[in-house]
Amino acid sequence: MAKKKCPDCKECLPAWLAAFGDLMSLLLCFFVLLLSMSSMDAKKISEAIGSLSGAMSVLEGGTKTEISKQRMQQSTPIDSNDETSEAVNRVAQAAMDANEMIDKGKGPAITVEEGQEGFVIELPASLLFKSGSATIENEDALLFLKRIALIVDELPNTMQVSVQGHTDNQGPGKNSVFKDNWELSSARAISVLQELLLDGVDPKRISASGHAEFKPLATNATKAGRAKNRRVELHFFGGKSDNKDKTKQSVLDKVTTK
């Protein structure tokens with residue numbers, strides 16, 4: 001007798017089985033996450049991170065593992081109570097924003113440098129003025145000065161601002177109303193000072209001066225060097241208190257007392 005033919009097996013699994021498998025996978029991942037979150041010991045993790053900080057000097061000791069607003073504040077790159085450092089950070093951010101808005105193809109960008117007594121903002125003259133002029137015409141530069149004025153208003157009253165104008169070794173030009181670089185650099189510094197005064201800076205905390213071409217940052221032999229030398233600097237430094245000034249005798253006082 002001929003053997004019975006075995007029935008053909010189905011080529012594919014039932015559709016419901018694929019959906020059931022996906023559901024089981026999702027449930028497994030869900031319970032694994034619950035288990036991992038419930039078994040987390042934040043104290044032990046904090047101690048482990050602290051030990052790594054002492055051994056490798058890489059991680060910040062005591063950093064919390066919980067995601068919270070407090071942790072976001074503690075993990076800020078620069079966390080300092082010094083008001084001057086905070087001001088430098090804010091000014092640097094304002095300079096970055098201004099450089100993005102201003103066409104940097106016209107010349108150097110705004111820079112911020114921190115020193116021993118304070119910090120310095122370098123404003124390229126090409127971003128503020130036209131050649132041989134002392135009138136600020138760039139709207140983005142005016143907005144930047146407004147932001148600087150707001151920062152100055154939040155600094156301690158002892159913080160002083162010195163606006164210093166600088167030029168290259170070339171003259172102002174035949175079409176300029178200024179006869180030499182002394183007048184041009186001084187007029188540009190005064191223009192920036194007046195704009196800061198309009199934005200609310202206390203007149204007692206600010207001054208202006210012109211240095212012509214005698215304090216260059218780069219060589220005047222190249223076009224790029226001359227562009228870097230044409231600038232206006234804002235020097236922020238801590239002023240002396242009135243009590244200290246009263247305790248010091250001038251040379252004249254010492255002579256008259258003898």
Between [X] (side chain only) and [Y] (backbone N and O only), is there a donor and an acceptor less than 3.5 Å apart?
X      : Y      : answer
Asn89  : Ala92  : no
Ser185 : Trp182 : yes
Thr167 : Arg230 : no
Asn99  : Ala95  : yes

When the side chains of residues 128-135 are checked against the rest of the protein, which donor-acceptor pairs come out under 3.5 Å, sequence neighbours left out?
| residue | atom | partner | partner atom | Å |
| --- | --- | --- | --- | --- |
| Ser133 | OG | Thr135 | N | 3.1 |

Are [X] and [Y] connected in the hydrophobic side-chain network, where two residues link if heavy atoms are under 4.5 Å apart?
X      : Y      : value
Val201 : Met159 : yes
Leu27  : Phe20  : yes
Val161 : Leu197 : yes
Val88  : Val120 : no
Leu143 : Leu234 : no

**Study point:** Thr111/Glu122 under side-chain hydrogen bond (donor to acceptor under 3.5 Å, both in side chains): CA gap, chis, key distance, verdict
**Key:** CA-CA 5 Å; Thr111 60; Glu122 293 182 5; 3.3 Å; yes
For [X] and [Y], work out which heavy atoms get closest and say how close.
X      : Y      : answer
Lys146 : Glu195 : NZ-OE2, 4.2 Å
Asn220 : Asp168 : OD1-CB, 3.4 Å
Asn181 : Glu213 : ND2-OE1, 3.2 Å
Gly165 : Ala189 : N-CB, 3.6 Å
Val163 : Leu196 : CG2-CD1, 4.4 Å
Ile110 : Ala98  : CD1-CB, 3.9 Å

Could you give the distance from [atom1] ([X]) to [atom2] ([Y]), rounded to the nearest 0.5 Å?
X      : Y      : atom1 : atom2 : result
Glu233 : Ile121 : CD    : CD1   : 10.5 Å
Lys223 : Arg226 : NZ    : CZ    : 8.5 Å
Arg188 : Arg231 : CZ    : CZ    : 12.0 Å
Leu145 : Gln194 : CG    : CD    : 12.5 Å
His166 : Lys228 : NE2   : NZ    : 13.0 Å

Check your understanding: Residues sharing Val177's hydrophobic cluster, by side-chain heavy-atom contacts under 4.5 Å among ILVMFWY, directly or via others?
Key -> Phe178, Leu184
Practice item. Compare all side-chain heavy atoms of Leu127 with those of Leu123 and state whether any distance is below 4.5 angstrom. Key: no
**Study point:** 4.5 Å side-chain heavy-atom contact, Leu142 and Ile136
**Key:** yes
Review point. Would one find more than 12 heavy atoms of other residues, nucleotides or ligands at under 6.0 Å from atom CZ of Phe214?
Key: yes
**Study point:** Over 12 non-hydrogen atoms of neighbours within 6.0 angstrom of CG in Asp22
**Key:** yes
Exercise for review: Please assess Arg90 against Glu154 for the test salt bridge (charged side-chain N to carboxylate O under 4.0 Å, His left out), listing each intermediate value before the final yes or no.
Suggested key: CA-CA 11 Å; Arg90 294 181 59 187; Glu154 297 178 2; 2.3 Å; yes
Review point. Thinking salt bridges, do Arg147 and Asp97 make one under a 4.0 Å N-O criterion?
Key: yes
Practice item. Name all residues meeting the salt bridge (charged side-chain N to carboxylate O under 4.0 Å, His left out) criterion together with Asp202; count only those two or more places apart in sequence or in a different chain, and write none if there are none. Key: none
Check your understanding: Who are the side chain to side chain donor-acceptor pair (under 3.5 Å) partners of Ser207, not counting sequence neighbours?
Key -> none
Review point. Could you give all pairs that pass the ring pair (Phe, Tyr, Trp, His ring centres under 6.0 Å) test and reach residues 135-163, with sequence neighbours left out?
Key: none
Exercise for review: Applying ring pair (Phe, Tyr, Trp, His ring centres under 6.0 Å), name anything that partners Phe236, two or more places apart in sequence or on another chain.
Suggested key: Phe119
